[in-house]
Every structure is written in structure tokens, then in C-alpha cells.
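What follows is a set of notes on a single structure, which appears directly below.
Numbering of residues begins at 1 and proceeds along the displayed sequence.
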Amino acid sequence: MTATAPDTRLAGKVALVAGAGASATGWSIGKASCVTLARQGAAIIALDANLAAAQDAAHEVEQAGGSALPVQADVADPDAMQAAVEVALARYGRIDILQANAGIGKVGGPEDISLEDWDRIQQVNVTSLLIATRLLAPVMRRQGGGAIVTVSSIAGIRYTGYPHLAYSVSKAAVIHFARMAAQQYAADGIRVNTVIPGLIDTPRVAQNVARMYDPNDLQAALAARDRQVPMGRMGTPGEVAKAVAFLASDDASYITGTELVVDGGLTGKYA
């Protein structure tokens with residue numbers, strides 16, 4: 001059997017993954033992205049509001065043979081993010097990729113969500129993009145280019161069967177932020193694209209979202225989500241991470257200002 005050559009398409013690159021950790025035991029999109037980018041040659045800055053989660057993601061990168069720096073920062077705090085970028089640049093000297101993965105949500109419609117929760121969700125999911133882009137676009141411009149990959153959700157393009165207003169609106173804003181930033185930075189060689197995951201089997205799903213399907217039986221709830229997808233199953237964090245890695249790489253060198261939907265065909269369904 002012929003050995004598979006190592007994937008080095010991101011060799012020499014440095015990636016800052018914001019929202020790198022998992023909210024519970026298991027694989028999140030952020031943690032899977034850290035490992036996937038590392039396996040393709042990138043050094044990783046694993047940034048998370050929870051230091052233990054950042055360290056866990058960094059550990060997984062190192063277990064996979066990569067280099068990682070765990071950093072604690074709230075993505076919605078401009079001072080904390082500036083300090084994190086300075087630490088990252090002191091360690092690696094450059095940042096080529098921003099994978100903006102951090103996101104929170106709370107179930108509820110217009111009459112349910114508090115203004116405090118609304119504001120916090122927008123800050124973490126949307127304002128964080130402004131903060132990170134303002135910090136990293138000048139760095140990427142000096143380097144001659146870079147790639148920003150945001151993570152939205154199918155909730156940002158349609159109703160997903162239960163009220164999730166603040167999250168859904170924020171994820172729609174993520175898509176449009178990336179489209180607008182892509183136009184502004186195209187001449188600088190900075191590409192900006194969005195991955196739109198569908199129903200993905202992550203710790204957050206088991207903790208929160210599955211309750212909207214069957215609050216008393218987690219396995220039944222997960223099975224109900226599987227049945228919604230034309231391919232018959234939820235996606236894995238690793239499958240989303242591969243899309244992130246593609247958009248971050250030079251294989252996507254002529255792709256900017258667009259979205260890659262990773263949903264097993266879900267958004268193409270009639271009902």
C-alpha cells in the first residue's frame with residue numbers, strides 16, 4: 001500500500017483560531033479546526049475565553065505533531081484581544097490566518113430574549129469580528145496577504161425549526177460582515193470567506209440545542225436531528241474544519257466574499 005504524503009499546504013503559516021476550545025468533553029468546530037490546520041502545516045494560536053479549553057485544544061495540536069500556543073481572551077474585549085495578538089506575534093512573528101469561530105446563543109424569540117443576552121450574543125458573535133479584523137488586517141497587509149474564515153450557521157440564512165432569534169440574527173450578520181470585508185481587503189491580498197455549518201454533532205448540541213427536540217431523551221433528540229438531514233446524519237466538527245482549511249489555503253486563492261455551506265444537503269430541502 002502506498003503511503004499518503006503529508007499535507008503541507010499550510011506549511012509556514014500561522015493561524016489564530018478564535019473560539020478554539022470545546023464547551024464540554026468532545027470535539028468542537030474550533031478544536032477540530034486547530035488540529036486540521038496544524039496537520040496541514042500551520043502553527044496554531046488556540047484562543048479561547050476559557051484557558052483550560054484553549055490548553056486542551058493546544059494539547060490536541062501537539063499530540064498531532066503540531067505547534068500551538070494557548071491564549072486566554074474574550075473575543076469581545078478589544079484590550080484582551082490586542083494583548084493576545086501581541087503575545088502571538090512575539091511567539092511566531094506573523095499571523096496568516098484568522099479562523100473566527102467563537103459564538104454563543106440562547107434559545108428564545110423576540111418576546112423571550114433579554115436585552116442583556118441579545119447584546120452579549122451580538123458582541124461575541126459579531127462585534128468580535130470587527131475587533132479581530134481591525135487588529136489582524138494591518139498585520140496581514142504588511143505580510144502581503146492572508147485569509148479570514150468566519151463561521152456562521154444555517155440559522156443565519158433560514159429558520160431551523162425553533163426560536164433562536166439572537167443567535168440567528170448574529171449569524172446572518174457574520175455572513176454579511178465577511179462579504180463587506182472581502183471587498184475592502186481584496187486589493188491587499190486578504191481573502192474573507194464564511195463557512196456555514198448545518199446540524200453538527202458538537203458538545204454544545206448535546207448540552208443545549210438537543211433540548212428543543214426532546215428534553216427528556218438525548219439520544220432521541222440526536223436521532224431526530226439526524227433524520228432532518230438528507231444524508232441521514234449530523235455532520236462532524238472535522239468535516240467543517242476541512243472546509244475551513246480549504247478556504248484558508250492557497251487552494252482557494254481566487255475565492256473571496258462568498259460562503260461554503262457544509263450541511264449534508266439540509267438547506268436544499270423543500271420540507
Side-chain angles (χ1 to χ4, degrees), residues 18-19 22-24 26-30 32-33 75-76 99-130 149-180 192-215 218 221-237 239-241 243-244 247 258-271:
S23 59
W27 286 88
S28 66
I29 292 172
S33 295
V75 293
Q99 200 254 311
N101 178 73
I104 60 173
K106 189 168 185 177
V107 172
E111 298 176 59
D112 307 309
I113 193 78
S114 71
L115 288 177
E116 292 78 12
D117 285 336
W118 174 276
D119 287 344
R120 179 60 179 166
I121 290 165
Q122 306 312 312
Q123 288 165 5
V124 172
N125 296 6
V126 186
T127 305
S128 63
L129 296 178
L130 176 63
V149 183
T150 68
V151 177
S152 180
S153 165
I154 58 169
I157 57 177
R158 64 187 58 207
Y159 187 67
T160 54
Y162 60 93
H164 212 187
L165 181 69
Y167 178 81
S168 298
V169 169
S170 74
K171 289 301 184 179
V174 166
I175 294 169
H176 207 57
F177 181 98
R179 289 173 178 171
M180 297 300 98
V192 190
N193 292 292
T194 301
V195 173
I196 303 181
L199 304 184
I200 308 300
D201 191 3
T202 67
R204 187 180 73 85
V205 167
Q207 284 184 310
N208 302 314
V209 177
R211 292 181 301 143
M212 302 306 298
Y213 293 79
D214 189 334
L218 174 60
L222 296 177
R225 282 172 67 85
D226 285 339
R227 288 193 298 271
Q228 284 185 271
V229 184
M231 291 182 68
R233 63 174 179 85
M234 287 186 283
T236 68
E239 288 171 319
V240 179
V244 170
L247 290 174
T258 194
E259 300 82 46
L260 177 54
V261 180
V262 184
D263 73 345
L266 180 58
T267 53
K269 283 177 61 176
Y270 173 68

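Taking 4.5 Å as the limit, every side-chain heavy atom of I196 sits out of range of all side-chain heavy atoms of L260. Using a 4.5 Å cut-off on side-chain heavy atoms (C-beta onward), L199 and L266 make contact. Side chains of T267 and I157 form a contact here, defined as non-hydrogen atoms less than 4.5 Å apart. Between R120 and E116 there is no side-chain heavy-atom pair separated by less than 4.5 Å.
How far CG of L222 is from CZ of R227: 10.5 Å, rounded to the nearest 0.5 Å.
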(request) Determine, stepwise, if the pair I104 / N125 fulfils side chain to side chain contact (heavy atoms under 4.5 Å, CB included). (result) CA-CA 7 Å; I104 60 173; N125 296 6; 3.8 Å; yes

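T150 and T194 share a side-chain donor-acceptor pair at under 3.5 Å.
Using a 30° and 60° split on the angle between ring planes, H164 and Y162 fall in the tilted class, from 30° to 60°.
Checked by atom type and distance alone, the side chain of K171 never pairs as donor or acceptor with a backbone atom of G103 at under 3.5 Å. In this structure a side-chain-to-backbone donor-acceptor pair under 3.5 Å is present from D226 to M234.
Nearest heavy-atom pair, P197 versus S152, reported as atom, atom and distance to 0.1 Å: CD-O, 3.2 Å.
A side chain to side chain contact (heavy atoms under 4.5 Å, CB included) with L129 is found for exactly one of V75, V192, V174, namely V174.
No more than 12 heavy-atom neighbours from other residues, nucleotides or ligands sit within 6.0 angstrom of CE on M231.
By the side-chain contact (heavy atoms from CB on, under 4.5 Å) test, E239 pairs with R233, T236, sequence neighbours left out.
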